[in-house]
Amino acid sequence: MTRFLKLLFRNRLAGIGAVVMGLILALVILTPVLPLQDPYATDLGARFKGALQDGHILGTDHLGRDQLSRLLWGTQLSLLVGLASAFAAALIGSTIGVIAGYFGGRTDNLIMRAVDMVMAFPYILLALAIVAALGPGLLNALIAVAAVNVPFFARNIRGIVVTLAGREFVDAARLAGMGHTRIILTEIVPNVLPVIVIAMSTTIGWMILETAGLSFLGLGSQPPQADLGSMLGEARAALITHPFTSVVPGVMIFLIVMSINLLGDGVRDALDPRLKSGALSRPLPVTTVGREGPIPAATDDLLAVQDLHTQFHAGSRIFRAVGGVDLAVRPGECLGIIGESGSGKSVTALSITRLVASPPGVITGGAVRFREADMIGASYEELRQIRGDKVAYIFQDPLSTLHPLYRIGDQLAEAIRVHHKVPKDELRKRAITLLKDVRIPNAESRVDNYPHEMSGGMRQRVGIAMALANEPDVIIADEPTTALDVTVQAQILALLNDLRREKGLAIVFITHDFGVVAQLCDRVAVMYAGRIVETGPTQAILDAPAHPYAKRLIACVPELGHGRRELAAIPGLPPAVDDLPPGCAFAPRCDKASASCCEGDVPLIGTPPRAVRCLYPEENV
Amino acid sequence: MGSYILKRLVSALPVLLGITVIVFLIMSLIPGDPATAILGSYATPDNVEKLNRDLGLDKPMVTRYFIWLGNMLTGDFGRSFSLNRPVIDEVLERFHATLILAGTSFVLCAVLGILAGTVSAARQYGAADKAITFVVLIGISIPSFFLGMMMILLFAVDLRWLPVSGMYAIYGGGDLPDLIWHLIMPATALAAVATGVVARLSRAAMLEVLRQDYIRTARAKGVPERRVIMGHALRAAMVSIIPVLGLQAGFVLSGAVYIEIVFQWPGIGRMLVDAILKRDLLLVQGGVVFVAACYVLFNIAVDVAQSLLDPRIKT
Ligand code: SF4
């Protein structure tokens, strides 16, 4: 509870709301004992006095009555009426909800249909009809507002009771021969009570406003008795000549509703853990860059990643997802990056065109060079022109990576259109050609499909077609076959291989599966805890892995292309990258680890093309 | 699509019937003899007898309901005693004025709300986001009737920019510019709360969508950020915004009652309040059934719009 209050008050606005509400409540409670003038004493000689005149702190109204006194009594009345209608609505609505949810079946069906029908009305129509039938008056307005809100409670409570009624303790009570009434009162009601209270607290502001509204219309409290609504309604006649009389009750209603809103928001935020973790922030169009240290000089590779550092900043914690990675590809070459989830392989791939979600991602060092130009320091527009045109991505799980509401033809066409001016009918033709290129049958009709109308394999082909749309120089494929079954996976790999040879593409292929690497990649880099631990030609590493980790990875592959049993055979878990131990990150899981492994940074060394980051490698490279 | 609309219309029939039952039941709460209550000060023995004959008020409730329903189906909503004209004529005329007001407000709240929410989300925690969040908070906390009154004071009385009230100028006027002139303040006051609600929801929906993988895909394709936000993200967010727009239409319609009173707008809300104060119950009954039925139909339109937007909904 204290933690909850602390959270609530950390939100400054909610704190303000609580203070304002507290002040209003204190005033209202003190109203009977405050030295106020009689709110009903008229004095036609002292009409419409301004503030602070003749001992009237807030002036007088059209009948010369003291405004301050009327305001406080009116506030009290408004709050009481709002509270009363909230209680009434909660009581009746919850009873209906409990009955419907507990008995279920026909009773439930009948009741919920009736509730739906009541909800089909714009709320005020119903309230007006009730007041029309019963006649204007504060009590009738209260009844109307309560009645209008009954369905809200009925519906919410029913939903919860339905799940409760199916639970074991209710069954047990039934078997023990308890009557329905007793079960409801002893087993159900105590469990739904907190929900009822929360639902009440969210609607009470609304109900205060509604009753005030009916009074404003002249349908609620009748003179001389006045709540805030009828004060405002009466003052309206003299709005233009004496606006102050209207402002006083109006501002009070505003303050009440606002403080309740602020409090409600604060409560919601305090209860919603997603806000704390920052999960609700949206990623920027490019990853934030905060580079420290020198920027490495350009090389003549097609694409080069140089000493790349990418971190995630979550509150005060820093996760070093990528801690100094070097990679390079030449035209027509396929480079595999392999590692467990959390090894930083995907973050490395996304860092290349700065697609790492940011916040929380920050690129803190190194460079990525495409044809020598540094993309980490590039402007958004420079980067945008490279994305999809020169460097394209294929992502994992095409169901979530394709837009669900656009036809795939349009998504393909868009990929082209944002980079090249092409006439519309030509775009469609190209889209169809692309679908044919990735061996999608019936491309002419498939082009009008939505993603959800295709199978997983077909969707992945669409993803590949989209990457190919502008004949890029580099394709970065981030686990493009993980979600697929083995035959489809083999087809997709073969397809990528063909395309690479036909079009001279460079491919960076990210995977956790050595079998896939063996099939497709010329060279491979093994990543662990954000760094490369071994790199070299695929065949050489497969034949004679030097790093103990790589050796175990390869031992895990039962048969090429069937590497589904991801690393099951390696005991232990990869380290959390927010507090890496000094020295070799693999040490806790390594059989050959010795004290020296944990002493200082282990360098990546060897004779090109091979290199390994290990003090006691399995092979000398 | 046609068959889907038809299906939704058919499924609305029980709801429409339910509405008439509920209104009928509420009206039967009237204490005392219904004919006397309906006629009020016109309750001469002759009139009471005639009304009893016409509406079958002396018959059992079930019979009475079906007589009433049958009359309504033939377009006969009874006669207003305070106005001495058929209820349906008055209702149609007044509803027309309300539609102009509420319709404008609805469009305003949808456009401004979605725009504000989108900007807010795209600039999360930036100055624009904070400013919008603050204005929205004020907007949803001011009762529309009080906001309307304050606007009159500022824009009509002090600055003299806009007319104080009414739908047309009393002398001259009556044309479209005159109507728009009179519409600006009430429509804005009415839209304020709904705009705030829509903006909040749109912001949340956009934030949710912007984290999705397909947004990253769009960025990876090199789609310009403006298009990513206003195209890809907004389109997807609309799927959760549209149902809320449907709900807000109900709130706008409800709020119109207050705004029509404050701005002397000759709409159906003001008609209902006047009718209640004059105890013209047939007029209230007819007005409520008519507006509720229109609202049900409007919600079907919302569902259809939703199915057009989202191909995953089976039509
Ligand atoms: S450096 Fe030491 S702990 Fe690390 S992999 Fe090599 S042998 Fe194992």
Side-chain angles (χ1 to χ4, degrees), chain A residues 114 116-118 120-125 128-134 136 209 212-213 216-219 232 236 239-240 243 246 250 253-254 257-258 261-262 280-283 285 353 355 357 380 384-389 392-393 395 397 400-405 414-415 418-419 450 452 466, chain B residues 15 18-19 22-23 26-27 29-30 121 124 137 140-143 145-146 149-150 152-153 157 206-207 210-214 216-225 227-228 232 235-236 239 250 253-254 257-258 261-262 272-273 275-277 281 284-285 288 291-292 295-296 309-312:
Chain A
D116 281 346
M117 280 174 192
V118 176
F121 283 87
Y123 75 89
I124 204 160
L125 283 184
L128 287 181
I130 293 171
V131 174
L134 299 177
L209 192 58
F216 174 79
L217 296 175
L219 306 176
L232 190 59
R236 197 173 69 84
L239 172 67
I240 293 173
S246 300
I253 302 179
F254 169 67
V257 178
M258 192 184 65
N261 278 340
L262 286 175
L280 273 185
S281 62
R282 72 352 174 180
T353 62
L355 280 171
Y380 167 72
R384 185 192 76 73
Q385 285 177 7
I386 290 175
R387 286 178 177 180
D389 196 27
Y393 282 85
F395 294 109
D397 188 12
S400 64
T401 52
L402 291 175
H403 198 293
L405 306 181
E414 185 185 38
V418 294
H419 294 292
Y450 289 99
H452 71 278
M466 204 140 79
Chain B
V15 181
I19 282 174
I22 290 171
V23 173
I26 291 175
M27 285 303 158
L29 290 175
I30 299 170
Q124 192 190 16
L137 178 70
I140 60 174
S141 300
I142 288 198
F145 41 93
F146 182 53
M149 288 163 73
M150 293 302 108
I152 291 179
L153 281 180
V157 180
M206 283 295 284
L207 285 180
L210 280 170
R211 295 163 43 224
Q212 299 299 315
D213 288 347
Y214 51 80
R216 190 185 60 195
T217 307
R219 286 172 171 162
K221 285 200 296 192
V223 176
E225 189 60 15
R227 264 184 71 102
V228 172
H232 292 245
R235 171 98 183 234
V239 171
L253 209 52
S254 296
V257 175
Y258 302 113
I261 297 277
V262 170
L272 286 173
V273 174
I276 293 171
L277 293 173
L281 295 174
V284 176
Q285 180 177 298
V288 168
V291 178
Y295 182 60
V296 170
L309 183 82
D310 189 347
R312 290 167 298 184

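In the text below, chain A, chain B and the rest are named by the order of the sequence lines, each starting its count at 1.
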Minimum heavy-atom distance between A/F216 and A/R236, given as atom pair plus value: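 In terms of heavy atoms, the two residues are closest at CZ-CD, 3.6 Å.
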Chain A contacts, top residue of B/P224, B/A292, B/G250, B/A121 (heavy-atom pairs, under 4.5 Å):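 The option with the most such pairs is B/P224.
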Inter-residue atom distance B/H232.NE2 - B/Q212.CD, 0.5 Å rounding: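 Reported value, rounded in 0.5 Å steps: 14.0 Å.
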Residue among A/L209, A/L217, A/N261 with most heavy-atom pairs under 4.5 Å to chain B: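 The option with the most such pairs is A/L217.
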Flag, side chain of B/Q124 to backbone of A/R282, donor-acceptor distance under 3.5 Å: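 Indeed, once roles are kept as given, a pair shorter than 3.5 Å links the two residues.
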Side chain, backbone, both or neither of A/A392 within contact of chain B (heavy atoms, under 4.5 Å):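 A/A392 has no heavy atom closer than 4.5 Å to chain B.
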Interface moiety of B/I26 toward chain A, non-hydrogen atoms closer than 4.5 Å: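 For B/I26, the contact with chain A is made by backbone and side chain together.
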Interface residue of largest heavy-atom contact number with chain A, from B/M206, B/R216, B/M27, under 4.5 Å: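 Most pairs with chain A among the choices: B/R216.
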Pairs of heavy atoms under 4.5 Å with chain A: top-ranked of B/V239, B/V291, B/L253, B/V296: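 The candidate making the most pairs under 4.5 Å is B/V291.
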Engaged part of B/I22 at the chain A interface, taking heavy atoms whose separation is under 4.5 Å: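 Contact with chain A: side chain only.
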Nearest-0.5 Å distance that lies between atom CE in B/M149 and atom CD1 in A/I240: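 Separation between the atoms: 10.0 Å.
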Contact origin within A/A120 toward chain B - heavy atom pairs under 4.5 Å: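 Backbone plus side chain of A/A120, per the 4.5 Å heavy-atom cut-off to chain B.
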A/R387: partners by salt bridge (charged side-chain N to carboxylate O under 4.0 Å, His left out), with sequence neighbours left out: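 None.
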All side-chain contact (heavy atoms from CB on, under 4.5 Å) counterparts of A/A415, not counting sequence neighbours: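 Applying side-chain contact (heavy atoms from CB on, under 4.5 Å) to A/A415 gives A/M466, A/A469, B/K221.
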Max heavy-atom pair count under 4.5 Å with chain B, selected residue of A/E414, A/M117, A/H419, A/M258: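 Top option by heavy-atom pairs under 4.5 Å: A/E414.
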A/L355 side chain reached by A/Y393 side chain, heavy atoms, under 4.5 Å: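 A/Y393 vs A/L355: side chains touch.
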Short side-chain to backbone donor-acceptor contact, B/T217 and A/T401, under 3.5 Å: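 Judged by distance alone, yes, a pair lies under 3.5 Å.
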Interface residue of largest heavy-atom contact number with chain A, from B/V228, B/I152, B/V262, under 4.5 Å: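 Looking at each option in turn, the highest pair count goes to B/V262.
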Side chains of A/L405 and B/P311 in contact at under 4.5 Å (non-hydrogen atoms):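 Yes. Closest side-chain heavy atoms under 4.5 Å.
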Heavy-atom contact with chain B under 4.5 Å, split by part of A/T353: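 Interface part for A/T353: neither.
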Side chain, backbone, both or neither of A/Y123 within contact of chain B (heavy atoms, under 4.5 Å):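 Contact with chain B: backbone and side chain both.
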Side chain B/Y214, main chain B/A236, donor-acceptor under 3.5 Å: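 Looks like no, no N/O pair under 3.5 Å.
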Top of B/L210, B/V223, B/V157, B/V23 for chain A proximity - count of heavy-atom pairs under 4.5 angstrom: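 Of the options given, most contacts go to B/V223.
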Best-contacting candidate, B/V15, B/V284, B/I142, B/V273, against chain A by heavy atom pairs under 4.5 angstrom: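 Top count of heavy-atom pairs under 4.5 Å with chain A: B/I142.
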Per-residue contact mode, A/H452 against chain B (heavy atom under 4.5 angstrom):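 Just its side chain gets close to chain B.
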Flag side-chain contact, heavy atom, 4.5 Å: A/R384 against B/R219: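 A/R384 does not reach B/R219 side chain to side chain.
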Which atoms of A/L232 approach chain B - backbone, side chain, both or neither, heavy atom under 4.5 Å: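 When you check distances to chain B, atoms from both the backbone and side chain of A/L232 fall under 4.5 Å.
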Atom group of B/I19 that falls short of 4.5 Å from chain A, counting heavy atoms: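 Both backbone and side chain.
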